[in-house]
Amino acid sequence: AQKITQTQPGMFVQEKEAVTLDCTYDTSDPSYGLFWYKQPSSGEMIFLIYQGSYDQQNATEGRYSLNFQKARKSANLVISASQLGDSAMYFCAMREHYNAGNNRKLIWGLGTSLGVNP
Amino acid sequence: DGGITQSPKYLFRKEGQNVTLSCEQNLNHDAMYWYRQDPGQGLRLIYYSQIVNDFQKGDIAEGYSVSREKKESFPLTVTSAQKNPTAFYLCASSISGSGGDEQFFGPGTRLTVL
C-alpha cells in the first residue's frame, strides 16, 4: 500500500502567487516525521522543511510552510510568492520512528512537478 | 564548504561490467545512504550505513554492494547481477539517522548501461 500519496503529478502557478502541493500519508506509528524536498532539473535533492508528528505548530521556513493536519494525515506544502526558480519536482517523504526499528529509511512519494509561469 | 560529492556525474557501462560510484561527505555525519531514482518514481533505498564498518540492505539491494571503511566515504558498486542498472543514483547523509534529522543529498550520478 502506498504510504505517501502525492495526487498532483504536475501543476502550474503564476509568478508571485501562492501554491499548495498536496501530500497524504498512511502510518500506524505514533511517532513519525514528514519531509519535503525540492529536486530541480540538475537532479540534486534539496531539503525544504520538516514536521514532527508531535510538533504543535506548523513548520515554516522562509517562503515554505507546511499545513499539517494530523487527523486527516495530510502534510501539504505551501509556497508563498512563487518565483521562477521554484520550478522543480517536489517530493514528500516520511520516516516512521518505531515501526521501522533501526531502519532509518525515508518513504517517498512520486512527486509533483511544479512550473512557475512568468 | 561542507557537502556531499558524487562522482562521476555521468557514467556509461557495458553489460556485464561492475562499476563503482563514489560518495564522499565532509559534514561529519554518521549515517549515509544510497538511493536509486527511476523516471516517474520516488527514491528507493538501496543500502544505508549508520556507522563506520556497518551497513544494512534497503529495499532493492540485490545486484549492489557497498563498503563503509571511513566515515567520509560510502562507495556503491553496481554489479553485473543488477538486471536493470540504468538509473539516477543519489547518495545522502544525515547526522545520526535518528528521527528528525534531515538527509542531505549529493548531486547524483546518472548511470547508463549500453
Side-chain angles (χ1 to χ4, degrees), chain A residues 2-10 23 25 27 29-55 59 61 64 66 68 88-113, chain B residues 3-11 21 23 25 27 29-51 54-61 74 87-111:
Chain A
Q2 195 73 18
K3 288 205 167 190
I4 296 286
T5 303
Q6 294 182 251
T7 58
Q8 307 151 309
C23 173
Y25 58 92
T27 182
D29 200 318
S31 178
Y32 51 90
L34 296 156
F35 301 78
W36 276 93
Y37 283 83
K38 171 185 178 181
Q39 187 178 38
S41 57
S42 59
E44 184 173 355
M45 282 287 187
I46 302 167
F47 167 74
L48 295 177
I49 198 166
Y50 168 80
Q51 179 86 43
S53 57
Y54 291 118
D55 292 344
E61 289 285 350
Y64 305 107
L66 203 151
F68 182 47
M89 284 290 292
Y90 289 82
F91 289 92
C92 179
M94 174 178 67
R95 178 189 284 125
E96 297 167 309
H97 297 169
Y98 295 123
N99 287 351
N102 285 326
N103 186 333
R104 304 301 181 188
K105 72 175 184 180
L106 289 173
I107 303 165
W108 296 79
L110 297 183
T112 294
S113 175
Chain B
I4 301 175
T5 58
Q6 290 186 244
S7 61
K9 189 171 178 67
Y10 298 95
L11 185 58
L21 282 58
C23 177
Q25 54 99 359
L27 300 167
H29 285 174
D30 284 322
M32 296 187 75
Y33 313 80
W34 273 106
Y35 291 94
R36 170 181 172 142
Q37 187 178 27
D38 294 283
Q41 297 197 28
L43 276 65
R44 291 184 290 169
L45 182 67
I46 305 172
Y47 268 98
Y48 67 101
S49 168
Q50 292 179 258
I51 198 168
D54 184 59
F55 49 83
Q56 284 81 41
K57 293 181 180 180
D59 298 321
I60 55 165
F74 192 41
F88 187 55
Y89 291 87
L90 284 159
C91 178
S93 71
S94 62
I95 293 174
S96 66
S98 64
D101 55 322
E102 68 266 29
Q103 294 181 11
F104 294 86
F105 284 80
T109 292
R110 194 167 298 278
L111 173 64

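Note that these values count all heavy atoms, side chains included, but never hydrogens, waters or copies made by symmetry. Chain A is the first sequence line, chain B the second, and so forth, proteins listed ahead of strands; every chain is numbered from 1.
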S.K.: In Å, rounded to the nearest 0.5 Å, how long is the span from CH2 of A:Trp36 to CG of A:Leu48?
M.R.: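 Taking CH2 in A:Trp36 and CG in A:Leu48, the distance rounds to 9.0 Å.
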S.K.: Which region of B:Gln6, side chain (C-beta onward) or backbone (N, CA, C, O), has a non-hydrogen atom less than 4.5 Å from a non-hydrogen atom of chain A, or is it both or neither?
M.R.: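 The answer is neither part of B:Gln6.
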S.K.: Hey, does A:Leu106 have a side-chain heavy atom less than 4.5 Å from the side chain of B:Tyr35?
M.R.: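 They are in contact (side-chain heavy atoms under 4.5 Å apart), so the answer is yes.
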S.K.: Considering only heavy atoms, which portion of A:Tyr32 lies under 4.5 Å from any heavy atom of chain B: side chain, backbone, both, or neither?
M.R.: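 Contact with chain B is absent: no heavy atom of A:Tyr32 under 4.5 Å.
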S.K.: Rounded to the nearest 0.5 Å, how far apart are CD1 of A:Ile49 and CZ of A:Phe68?
M.R.: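 A:Ile49 CD1 to A:Phe68 CZ: 12.0 Å, rounded to 0.5 Å.
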S.K.: I'd like to know whether B:Phe74 forms a ring-ring contact (aromatic ring centres under 6.0 Å, His included) with B:Phe55, so could you lay out the CA-CA distance, the side-chain angles of the two residues, the decisive distance to 0.1 Å, and finally the verdict.
M.R.: CA-CA 10 Å; B:Phe74 192 41; B:Phe55 49 83; 7.1 Å; no
S.K.: Under a 4.5 Å cutoff for heavy-atom pairs, which residue among A:Met89, A:Gln51, A:Gln39 has the most contacts with chain B?
M.R.: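 Heavy-atom pair counts peak at A:Gln39.
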S.K.: Can you confirm whether B:Lys57 sits close enough to B:Tyr47 that some side-chain heavy atom of one is under 4.5 Å from a side-chain heavy atom of the other?
M.R.: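 Yes, their side chains come closer than 4.5 Å.
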S.K.: Which region of B:Leu90, side chain (C-beta onward) or backbone (N, CA, C, O), has a non-hydrogen atom less than 4.5 Å from a non-hydrogen atom of chain A, or is it both or neither?
M.R.: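 Looking at B:Leu90, just its side chain touches chain A.
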S.K.: If you count heavy-atom pairs within less than 4.5 Å of chain A, which of B:Gln37, B:Arg110, B:Gln41 leads?
M.R.: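 When all of B:Gln37, B:Arg110, B:Gln41 are compared, B:Gln37 has the most.
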